[in-house]
Amino acid sequence: MTSHSKPAVRTDSVRKIFKSGDQTVAAVDGVTLEIHRGEFAAIAGPSGSGKTTLLNLIGALDEPDEGKVWIDDTEITTLSRGQRADLRKDKIGFIFQSYNLIEVLSALENAEFVLLLQGVPPSERRRRVTEMFKKIGLEGLENRRPHQLSGGQQQRVAIARAIVASPSLVLADEPTANLDSATGAALLDVMQELNQEIGTTFVFSTHDPRVMDRASRLIRLVDGKIEDDH
Amino acid sequence: MAIGMIMLAFVLSIMAGMKRDMINQGTSLLLGHMQIHAKDYRPDRSIYDAIPAGRSDLLGQLRGDPSVLGAAPRVSTFGLASSGNKSIGVEILGMEAAAERNVTILHEKLIEGSLPEPSEQSQIAIGELAAKALGVSLGGEVILIAQAADGSLGNDLFTVSGIFRSGLDLLDGGMAILDLGAAQSLIALPAETIHEIALRTASPTDAKTVASALERTLANPAIEVSPWQTLTPELSSWVAMSDSWSWIMYVIVFSLAAISVLNTMLMAVFERLREFGVLAAIGMKPRSVVALIVIEVTALAGVSLLVAIAIGTPLLRRVVGKGIDLSSFSDGFSVTGVAVGPIIRGDWVFGDFAVGAALLFVCAALAGLYPAMRAAAVDPARLTRGEIR
Ligand SMILES: Nc1ncnc2c1ncn2[C@@H]1O[C@H](COP(=O)(O)OP(=O)(O)OP(=O)(O)O)[C@@H](O)[C@H]1O
Ligand SMILES: [Mg+2]
């Protein structure tokens with residue numbers, strides 16, 4: 001992959017080792033890669049191959065045992081917990097397999113939460129979320145609570161939350177795994193549209209070949225190592 | 001926590017009410033808020049240690065003082081009361097019924113007759129236990145014998161004009177009340193000579209300051225003005241004890257509130273681990289999470305306070321208005337020589353409660369700190385790994 005733009009994320013020989021009992025597992029074992037702005041990249045691989053662990057590392061949720069990770073030129077391993085939180089707030093959007101909306105907040109409040117953390121004024125937050133909801137087919141559902149929404153709708157709210165603050169990078173760990181294939185496909189349509197229209201960078205992990213087919217770049221992991229990247 | 005606050009207000013109210021009753025009862029029955037004596041009079045109470053100033057002058061001066069609401073002159077000694085072949089030892093109190101009414105509630109304690117007045121046939125009021133012991137009733141005759149100031153043995157015949165019941169065995173069984181003049185003639189004292197002046201002031205609580213101010217005004221080094229705290233150290237130590245009980249109540253209520261906050265919030269935090277993981281993942285700083293929970297706890301305390309006020313106010317109004325009737329348990333009891341009635345009325349305790357409620361807020365916020373730190377410590381990577389359900 002060649003690109004003239006600056007990479008949104010870069011890793012250099014990152015390793016993450018887990019110890020359970022006397023067994024040690026290198027969940028991510030020497031991964032070097034660059035993700036550029038505007039990419040729509042899938043990380044694939046069998047269960048236990050290290051997809052989640054790698055996403056945690058490039059999302060500054062976890063620290064590598066070896067190697068380095070840069071997000072927009074910021075090297076994360078030297079940052080404090082608070083600094084990493086700030087980095088995530090400003091640069092990264094997260095979409096989780098199980099949606100993880102906050103139950104006591106409405107759809108709109110969930111979606112505007114990152115903007116709230118960023119200190120964006122209320123009217124501006126409302127404007128941006130409403131616009132985003134319109135774009136991804138959530139119009140009219142603003143005041144619903146998460147439990148009043150279908151899985152697909154909840155995941156769209158999660159997408160809105162992840163991208164409304166215009167992050168450098170959106171990470172999604174198996175975003176369609178809890179959805180039926182039609183809903184999953186519709187969700188991918190939304191992600192793809194956002195990627196093409198506003199150039200949001202997506203990195204998502206998946207088991208599903210139909211999802212991999214949508215990606216502009218496919219990174220295959222086996223035993224924590226990149227086996228294939230095209 | 002609301003329950004804790006109601007409990008606090010409730011107990012503080014009753015304690016304050018009991019304290020007020022204790023002081024009122026203790027001072028109004030016989031003592032007065034303060035007393036004037038010759039410097040050497042207490043504690044021996046010798047009949048020779050009379051107040052070294054003319055009674056009329058002194059009373060005139062006291063009654064002209066704005067801080068004095070009532071002044072009652074007295075003489076006091078010990079003697080033997082007998083009727084027929086029965087006799088008992090008594091404390092003899094000579095007083096002016098009219099002046100006494102302005103200082104004490106002795107007259108309210110009469111169950112029959114009235115307080116002794118100056119009259120041809122000397123009158124006496126005794127307690128109902130003494131009347132029983134002597135076998136006399138209203139209108140009956142009692143002979144008093146007492147050591148007189150001139151060295152002779154004074155004795156006189158008295159007609160029972162009143163019988164009282166104070167609830168205190170010491171008074172009801174061993175006190176003889178005479179008219180001041182009659183008492184003075186019994187123990188051969190001139191009319192100007194008195195042992196004691198009992199005073200009533202605006203409030204018993206500031207007796208100490210009023211007493212020392214009065215002492216300065218009187219400007220007689222041979223006279224002392226003693227507030228009730230000095231006169232009955234038992235009562236004042238009871239009051240001090242009741243104050244320390246209030247403190248113990250504070251500590252108990254605060255600990256309960258803190259424990260309940262800690263418990264509730266810890267549970268809430270553990271139930272919401274996923275939520276805190278999400279908040280951390282999307283970029284909420286640990287210290288913002290701490291702040292969030294401390295704010296939640298404070299809001300919780302605020303709601304509790306409102307609930308406590310809503311529920312507690314009518315409850316307290318009852319306690320203050322009607323009081324708590326303990327008559328089904330007892331007819332009242334006596335504490336350190338003060339009779340407490342079977343109905344205990346509370347007192348409004350806005351000040352104490354406001355301080356208590358404010359402290360409770362601080363307490364709640366502090367107790368919320370530990371759960372808050374637990375919430376802030378949630379590792380967002382555990383959320384994505386699916387380790388947090
Ligand atoms: N907290 C942990 N403690 C011990 N081992 C762990 C821990 N987290 C992950 N692992 C191990 O690291 C390896 C990679 O796990 P990871 O969750 O990254 O895989 P994955 O590709 O996301 O799998 P899946 O497709 O099942 O989600 C696995 O062998 C797993 O058992
Ligand atoms: Mg995984």
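Lettering of chains follows the sequences in order, A, B, ..., and the numbering in each one begins at 1.
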Which of A/Ile92, A/Val114, A/Ile102 passes side-chain contact (heavy atoms from CB on, under 4.5 Å) with B/Ile282? It is A/Val114
Check: Quick check: are there more than 12 heavy atoms from other residues, nucleotides or ligands sitting under 6.0 Å from CE of B/Met267?
Finding: no
Heavy atoms of A/Phe94 and B/Ala281 approach each other most closely as CE1-O, 3.2 Å
Discussion item. Other residues, nucleotides and ligands only: do more than 12 of their heavy atoms fall within 6.0 Å of CZ on A/Arg15?
Written reply: yes
Sequence neighbours excluded, the answer for salt bridge (Lys or Arg N to Asp or Glu O under 4.0 Å) partners of A/Asp22 is none
For A/Asp208, the side-chain hydrogen bond (donor to acceptor under 3.5 Å, both in side chains) test, sequence neighbours excluded, returns none
Table up the donor-acceptor pairs between chain A and chain B that sit under 3.5 Å, atom names plus distance.
unit_1	atom_1	unit_2	atom_2	d
A/Asn56	OD1	B/Thr384	OG1	2.6
A/Asn56	ND2	B/Thr384	OG1	3.0
A/Asp62	OD2	B/Arg385	NH2	3.0
A/Arg81	NH2	B/Ala376	O	2.4
A/Asp86	OD1	B/Lys285	NZ	3.1
A/Asp86	OD2	B/Lys285	NZ	2.6
A/Arg88	NE	B/Ala280	O	3.3
A/Arg88	NE	B/Ala281	O	3.1
A/Arg88	NH2	B/Ala280	O	2.8
A/Ser98	OG	B/Arg274	NH1	3.4
A/Asn100	OD1	B/Arg274	NH1	2.1

Sequence neighbours excluded, the answer for side-chain hydrogen bond (donor to acceptor under 3.5 Å, both in side chains) partners of A/Glu124 is A/Arg127
Residue pair B/Leu279, A/Phe113: steps toward the side-chain contact (heavy atoms from CB on, under 4.5 Å) verdict = CA-CA 9 Å; B/Leu279 292 177; A/Phe113 206 95; 3.4 Å; yes
Interface check, chain B: of A/Pro167, A/Ala162, A/Gly82, A/Ala165, most non-hydrogen pairs under 4.5 Å belong to A/Gly82
Ranked by heavy-atom pairs below 4.5 Å to chain A, first place among B/Gly283, B/Pro286, B/Gly277 goes to B/Gly283
